[in-house]
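Following: one structure in structure tokens, then a few remarks.
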There are 2 protein chains.
Amino acid sequence: MITTNWIDRFEGLARLPAGIKDTLTRQSAVVSLPKGAEVFGPGAVPDNLLLLLDGTVRVSQTSQSGREIVLYRVEAGQSCVLTTACLLAHEAYAAEGRAETDIRAAAIPRATFDRLTAESTQFRDFVFAAYARRITDLFRVIDEVAFGKIDMRLAQRLLELAPSRGPLKITHQQLATELGTAREVVSRQLAEFARRDLLSVGRGSVEITDADTLRRIASA
Amino acid sequence: MITTNWIDRFEGLARLPAGIKDTLTRQSAVVSLPKGAEVFGPGAVPDNLLLLLDGTVRVSQTSQSGREIVLYRVEAGQSCVLTTACLLAHEAYAAEGRAETDIRAAAIPRATFDRLTAESTQFRDFVFAAYARRITDLFRVIDEVAFGKIDMRLAQRLLELAPSRGPLKITHQQLATELGTAREVVSRQLAEFARRDLLSVGRGSVEITDADTLRRIASA
DNA sequence: CAGCCGTCTGTGACCATATCACAAAGAGGG
DNA sequence: CCCTCTTTGTGATATGGTCACAGACGGCTG
């Protein structure tokens with residue numbers, strides 16, 4: 001036990017028996033990818049289960065017509081089960097994962113994954129919990145897209161994405177992709193928010209000035 | 001080995017070793033529910049994995065505002081993994097499963113499920129494949145809701161739901177729920193289809209008369 | 001610095017869908 | 001046959017998405 005193991009960063013894994021942790025450590029590799037790299041997708045089918053150590057991965061889907069929507073993000077300390085199982089078991093769907101920052105992840109080969117799910121109840125629980133989380137994420141997306149109002153959704157997303165201080169660096173098009181809507185819709189809604197002094201916009205940046213009101217809109 | 005076992009109805013399970021099949025048979029119960037019964041949801045959290053032997057279960061989600069959308073159906077020969085994992089692992093989301101016909105299912109208790117995922121690679125694969133299928137279903141729903149045109153979606157759904165001959169018994173409101181849209185939208189679109197002689201409508205029923213054209217619209 | 005170019009944003013017109021408020025038309029029970 | 005409930009039809013209006021551009025900004029290059 002030399003290193004402060006990365007395993008302990010994962011809530012569901014910290015209490016694994018030492019033997020299992022050992023297997024996990026020895027049979028997995030820590031990989032790095034630069035910001036912007038495709039983690040999985042049409043061009044890169046993963047054959048490892050990825051446990052994200054640092055950074056975030058944005059998972060999105062593109063329609064035939066070329067419009068795109070962000071489905072969810074995988075943050076440090078979470079695993080990328082969905083995508084793995086999904087892409088392994090079925091024909092590749094038009095979902096892709098892209099590194100939103102430089103990332104570091106532990107890659108667990110299929111064989112090891114298999115062995116661990118067989119040997120450890122806790123590892124199994126970890127995996128199933130990860131599935132459950134993603135599935136509820138997808139449920140939420142469906143609810144929002146099908147029934148949510150745009151002003152509410154935009155306000156929500158801005159609050160999520162905004163750094164604790166300073167402006168959020170993002171284009172209207174990128175915000176539109178977040179919500180699966182059109183750029184013009186975002187531009188107009190931002191203009192409306194700006195008119196009400198809830199935020200100020202610049203080229204490629206948005207700065208929230210009245211987070212309270214925005215929060216009220218977001219939860220309406 | 002007395003009975004022609006229900007296990008063999010499940011593609012992914014037919015080739016399980018005899019011992020595992022045995023466990024599965026002995027430790028599971030075949031349950032029946034009448035048409036319309038709630039299989040899971042706010043009022044009924046399942047603690048079994050259900051393998052559907054006969055009938056279909058419709059899984060839908062209701063928004064705060066009361067609007068509802070059908071997410072997918074579980075058909076005979078499929079399992080209900082999503083819902084189980086989802087509801088066990090997280091706070092109950094507003095998803096519910098309802099028996100669309102009288103149903104019969106094999107109920108596998110959590111403990112048995114756990115033991116089987118530990119002991120059998122094939123059973124694990126079965127479970128993961130079931131997850132993958134549902135997840136791609138959800139991806140599809142998101143794509144359709146976010147980017148699909150209503151005429152296309154309605155045509156698709158009508159073709160899916162229509163019996164091989166005779167009229168489809170369904171109200172406009174039920175069709176609206178299928179698509180997560182409003183009843184008026186369905187009424188108007190059906191009227192338009194009827195005007196083009198693609199189908200004829202009666203109170204509580206729709207009969208397709210030009211499936212070819214409808215198919216063309218559905219895949220546009 | 002001027003001019004150029006690619007990206008980003010603004011805008012008006014128009015279409016599709018959702019919402020709201022009712023009216024009217026079956027269907028079934030008393 | 002009337003009453004009532006469910007289902008369907010319809011017009012007006014609001015919201016969101018599409019299309020076609022125009023203009024504005026930033027960076028680069030001559």
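Reminder, nothing fancy here: chain letters follow the sequence lines and each chain counts from 1.
Residues B:Thr84 and B:Arg110 fail the side-chain proximity criterion, which asks for heavy atoms closer than 4.5 Å.
Between B:Phe128 and B:Tyr131, the ring planes are tilted. Angles from 30° to 60° get that label.
Atom CZ in B:Arg153 sits about 13 Å away from atom C1' in C:dA16, given to the nearest Å. Put simply, CZ on B:Phe147 is 16 Å from C1' on C:dA16, counting in whole angstrom units. In this structure, B:Glu68 atom CD and C:dA18 atom P are separated by 16 Å, rounded to whole Å. The distance between atom CG of B:Asp151 and atom C1' of C:dT17, rounded to the nearest whole Å, is 11 Å. Look at CG on B:Leu154: it is 11 Å from P on C:dT17, rounded to the nearest Å.
The 5' end of DNA chain C is approached more closely, in terms of each residue's nearest nucleotide, by A:Ser205 than by the other of A:Ser205 and B:Val185.
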Give each protein N/O atom lying under 3.5 Å from an N/O atom of nucleotides 28-30 of chain C, with the pair distance.
none

So which protein nitrogen or oxygen atoms get under 3.5 Å of nucleotides 11-15 of chain C's nitrogens or oxygens?
none

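In terms of modelled atom types and a separation under 3.5 Å, the side chain of A:Glu144 and the main chain of A:Val141 share no donor-acceptor contact. No donor-acceptor pair under 3.5 Å is formed between the side chain of A:Arg67 and the backbone N or O of A:Thr62. One N or O on the side chain of B:Thr209 and one on the backbone of B:Leu199 form a donor-acceptor pair closer than 3.5 Å. Using modelled atom types, no side-chain atom of B:Thr181 and backbone atom of B:Thr177 make a donor-acceptor pair closer than 3.5 Å. Not one N or O on the side chain of A:Arg104 forms a donor-acceptor pair closer than 3.5 Å with the backbone of A:Leu52. Side chain of A:Arg58 to backbone of A:Gly97: no donor-acceptor contact under 3.5 angstrom is found.
One side chain, A:Thr117 or B:Arg124, offers a donor N or O that lies under 3.5 Å from an acceptor on the other. Looking at A:Glu207 and A:Ser200, their side chains never bring a donor and an acceptor atom within 3.5 Å of each other.
Residue B:Glu11 places its CD atom among 12 or fewer non-hydrogen atoms of other residues, nucleotides or ligands, all under 6.0 Å distant.
One finds a side-chain N or O of A:His172 lying less than 4.0 angstrom from the OP1 or OP2 phosphate oxygen of C:dG10. An OP1 or OP2 oxygen of C:dA18 is reached within less than 4.0 angstrom by a side-chain nitrogen or oxygen of B:Thr181.
B:Gly148 comes within 4.0 angstrom of no nucleic acid atom, judged by non-hydrogen atoms across all strands. Residue contacts for B:Arg67: at a heavy-atom cut-off of 4.0 Å it reaches the sugar-phosphate backbone alone, with no base atom in range.
With C:dG26, C:dT7, C:dA18 as the choices, the nucleotide that has an atom nearest any side-chain atom of A:Arg203 turns out to be C:dT7.
Contacts between chain A and DNA chain D, taken as any atom within less than 4.0 angstrom of a protein heavy atom, begin and end at D:dG16 to D:dG26.
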